[in-house]
> 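Got a structure for you, questions after.
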Amino acid sequence: MGEEAPEFVNGEINLEGKDFRTATTVGHKTYLISRSGDESKSTISIRILDKSTQTWAVPTVLGTQPVHFEAHSAILVNENMILVVVKKGAPLIESIWFLEVNTSFVKQQSKITGTEVVVWSKGVLGKSQKPVVISGPSGVGKGTLIAKLMKDFPSRFGFSVSHTTRAPREKEIDGTHYHFTERSKMEKEISEGKFLEFAHVHGNLYGTSIEAVEAVTDEGKRCILDIDVQGARSVRASSLEALFIFVCPPSFEELEKRLRARGTEAEEQIQKRLRNARAELDQSNTPGLFDHFLVNDDLETCYGNFKKLLLLDDGSADSDDSYSTADSKSTPSYTVLSKQDSEILLQPETHDVEKGITSLLALDLSSLSGGAPGRTRGLKIQSVHKD
Ligand SMILES: Nc1nc2c(ncn2[C@@H]2O[C@H](COP(=O)(O)OP(=O)(O)O)[C@@H](O)[C@H]2O)c(=O)[nH]1
Ligand SMILES: Nc1ncnc2c1ncn2[C@@H]1O[C@H](COP(=O)(O)OP(=O)(O)O)[C@@H](O)[C@H]1O
């Protein structure tokens with residue numbers, strides 16, 4: 001039996017001691033976002049009221065959630081998501097979050113889990129770069145290329161650490177190269193909607209958790225995924241916008257030579273990987289699957305082309321996210337004031353107004369892209385001076 005619906009006005013903030021709640025209606029559902037506890041230990045919970053049946057549901061909540069904040073305000077952006085601005089003593093961009101309630105990723109995860117699903121994604125100012133998916137047969141040099149990139153640009157790129165049921169190789173570190181895991185545990189987590197994609201490769205289970213991608217994007221880094229062709233296909237079909245690169249060997253003989261020279265696999269595994277390589281090379285030609293192909297003949301030449309592709313992606317140097325507005329580094333707290341078309345106005349908190357901060361901020365949502373899993377990119381923020 002559902003509980004009786006509380007009295008509330010759409011978007012109004014109800015103050016209950018240290019607890020804050022907002023209620024935002026999307027279609028026939030109202031999303032009650034509650035925050036409780038101290039700032040250092042705040043927890044956020046979500047309940048959904050179906051107004052047609054007057055019943056409550058507790059959804060599966062995916063994505064990295066906002067933490068350590070005092071209060072929040074919320075407003076409907078469109079039928080797919082709610083903007084949640086949290087109050088915390090940090091640059092404004094740390095405070096802007098989206099709760100996705102109806103995006104394609106939400107629908108996809110809802111189908112997998114068989115539950116109501118909501119997903120958090122953090123807002124990112126300006127243009128930021130899409131994750132990069134790298135596929136290619138075993139032994140072609142994906143890991144070598146990625147390791148070089150990470151070494152040269154440690155603050156720009158982050159590796160999505162996959163889960164796998166295969167045993168660690170001698171020099172592999174749990175949590176760095178892979179999260180090495182039990183099959184039953186991984187299968188359970190897949191059924192709980194924690195994975196963006198997964199595939200059976202060379203007799204083992206491999207998968208990218210949503211958390212793995214978000215751990216990178218939440219650090220403001222561009223995420224690199226080393227996944228097989230089936231995984232690339234799943235990501236292509238998901239809502240994660242990415243750049244897809246396939247790495248080819250100069251020849252099959254050279255591939256075999258590299259696999260053997262690496263010395264990490266027993267003969268049986270080498271044979272299996274070589275058989276799969278042929279299939280992967282065939283499948284890489286699926287129209288529309290990969291954006292770019294790199295031939296890894298001479299390593300330095302291939303690495304140079306790889307870097308060129310990454311720069312070409314958005315036509316600019318491989319720079320950090322462009323935090324273009326002056327306000328992004330300031331620490332006043334804001335709450336949602338109103339929405340007009342694709343612009344949402346934020347007002348400073350009373351105590352900040354007392355300190356002389358009076359400008360409203362206009363949040364332009366017209367060029368939003370990306371979204372969960374990962375970040376919602378393309379936010380623009382401008383000061384609006386009151387006359
Ligand atoms: N679909 C999918 N494939 C993965 C993932 N992680 C690694 N792989 C792929 O699994 C395959 C085997 O990886 P690994 O066991 O490290 O062997 P290697 O390719 O010979 O270095 C490679 O094609 C990887 O790209 C993942 O999270 N998802
Ligand atoms: N261009 C290249 N020329 C010669 N050897 C290479 C080249 N690229 C990588 N290798 C070597 O080939 C082996 C397989 O590379 P690795 O990066 O582990 O492949 P993958 O991650 O695609 O399985 C490694 O021993 C690596 O040092």
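Order of listing sets the numbers, starting from 1, for every ligand and every atom in it. Numbering of residues begins at 1 and proceeds along the displayed sequence.
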> Might you work through the salt bridge (Lys or Arg N to Asp or Glu O under 4.0 Å) test for Glu197 and Arg233, ending with a clear yes or no?
CA-CA 9 Å; Glu197 63 77 34; Arg233 221 184 268 281; over 6 Å; no
> At what distance is the nearest protein heavy atom to atom 11 (C) of ligand 1, and which residue and atom is it?
Val201 CG1, 3.7 Å
> Between the side chains of Lys29 and Glu116, is the shortest nitrogen-to-carboxylate-oxygen separation below 4.0 Å, so that they form an ion pair?
yes
> Decide whether an N or O pair under 3.5 Å exists between Tyr206 and ligand 1.
yes
> Report the nearest protein non-hydrogen atom to atom 3 (N) of ligand 1: residue, atom name, distance rounded to 0.1 Å.
Asp228 N, 3.1 Å
> List every atom of ligand 2 that sits less than 4.0 Å from any heavy atom of Asp297, numbering the atoms from 1 in the order shown and giving each element.
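Taking each heavy atom of Asp297 in turn, ligand 2 has 1 (N), 2 (C), 3 (N) under 4.0 Å.
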> To check your reading of the model: name the closest protein heavy atom to atom 20 (O) of ligand 1, its residue, and the distance in Å.
Ser138 OG, 2.4 Å
> Would you sort out whether Lys257 and Glu253 count as a salt bridge (Lys or Arg N to Asp or Glu O under 4.0 Å), showing the intermediate values?
CA-CA 6 Å; Lys257 211 167 96 192; Glu253 291 67 36; over 6 Å; no
> At what distance is the nearest protein heavy atom to atom 16 (O) of ligand 1, and which residue and atom is it?
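Ranking protein heavy atoms by distance from atom 16 (O) of ligand 1, first comes Tyr178 OH, 2.5 Å.
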> Do any nitrogen or oxygen atoms of Arg262 lie less than 3.5 angstrom from nitrogen or oxygen atoms of ligand 1?
yes
> Assess whether salt bridge (Lys or Arg N to Asp or Glu O under 4.0 Å) is satisfied between Glu280 and Arg275, documenting all intermediate values.
CA-CA 9 Å; Glu280 290 200 87; Arg275 276 197 305 277; over 6 Å; no
> Would Arg273 count as a contact of ligand 1 if the rule is a heavy atom under 4.0 Å away?
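A heavy atom of Arg273 does come that close to ligand 1.
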> With the threshold set at under 4.0 angstrom, would you say Ala261 reaches ligand 2 through any of its heavy atoms?
no
> Could you tell me the residue and atom name of the protein heavy atom closest to atom 14 (C) of ligand 2, and the distance to it rounded to 0.1 Å?
Gly139 O, 3.5 Å
> When you measure from the heavy atoms of Ser138 to every atom of ligand 2, does any distance fall below 4.0 Å?
yes
> What about Ser162: any of its N or O atoms under 3.5 Å from an N or O on ligand 1?
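Checking ligand 1 against Ser162, an N or O pair does fall under 3.5 Å apart.
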> Mind checking whether Gly143 has a heavy atom under 4.0 Å from ligand 1?
no
> Could you check whether Glu268 pairs with Lys272 (Lys NZ or Arg NE/NH1/NH2 to Asp/Glu carboxylate O, under 4.0 Å)?
no
> Give yes or no for whether the N/O distance cutoff of 3.5 Å, strictly under, is met between Arg262 and ligand 2.
yes
> Could you tell me whether ligand 1 has any atom less than 4.0 Å away from a heavy atom of Glu197?
yes
> Quick check: closest heavy atoms across Leu309 and Leu243, and the distance to 0.1 Å?
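In terms of heavy atoms, the two residues are closest at O-CD2, 4.4 Å.
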> Quick check on contacts: which atoms of ligand 1 are under 4.0 angstrom from a heavy atom of His202?
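Result: 12 (C).
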> Heavy-atom pairs closer than 4.0 Å: do any link ligand 1 to the side chain of His200, the backbone, both, or neither?
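Neither; no heavy atom under 4.0 Å.
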> Give the atoms of ligand 1, by number and element, whose distance to some non-hydrogen atom of Gly231 is under 4.0 Å.
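Result: 1 (N).
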> Under a heavy-atom criterion of less than 4.0 Å, does Gly263 contact ligand 2?
no
> With only distance considered, is Glu265 within less than 3.5 Å of ligand 1 through an N or O on each side?
no
> I'd like to know if Arg169 pairs up with Glu265 as an ion pair, taking the criterion as any Lys NZ or Arg NE/NH1/NH2 lying under 4.0 Å from an Asp or Glu carboxylate oxygen.
yes
> Provide the number and element of each atom of ligand 2 under 4.0 Å from a heavy atom of Gly143.
17 (O), 20 (P), 21 (O)
> Counting only nitrogen or oxygen atoms and a 3.5 angstrom limit, does Thr208 reach ligand 1?
yes
> If the threshold is 4.0 Å, N to carboxylate O, is there a salt bridge linking Lys130 and Glu241?
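A salt bridge is absent here (no side-chain N lies under 4.0 Å from a carboxylate O).
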> With heavy atoms under 4.0 Å as the rule, classify the contact between Asp226 and ligand 1 as side chain, backbone, both or neither.
both
> Identify the closest protein heavy atom to atom 19 (O) of ligand 1: which residue and atom is it, and at what distance?
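In this structure, atom 19 (O) of ligand 1 has Lys142 NZ, 3.6 Å as its nearest protein heavy atom.
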> Please list, in number order, the atoms of ligand 2 under 4.0 Å from a heavy atom of Pro137.
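This gives 22 (O) as the contact atoms.
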> Does any N or O of ligand 2 fall below 3.5 Å from an N or O anywhere on Asp226, backbone included?
no
> Answer yes or no: does an N/O atom from Gly207 fall short of 3.5 Å to an N/O atom of ligand 1?
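Yes, at least one N or O pair falls under 3.5 Å.
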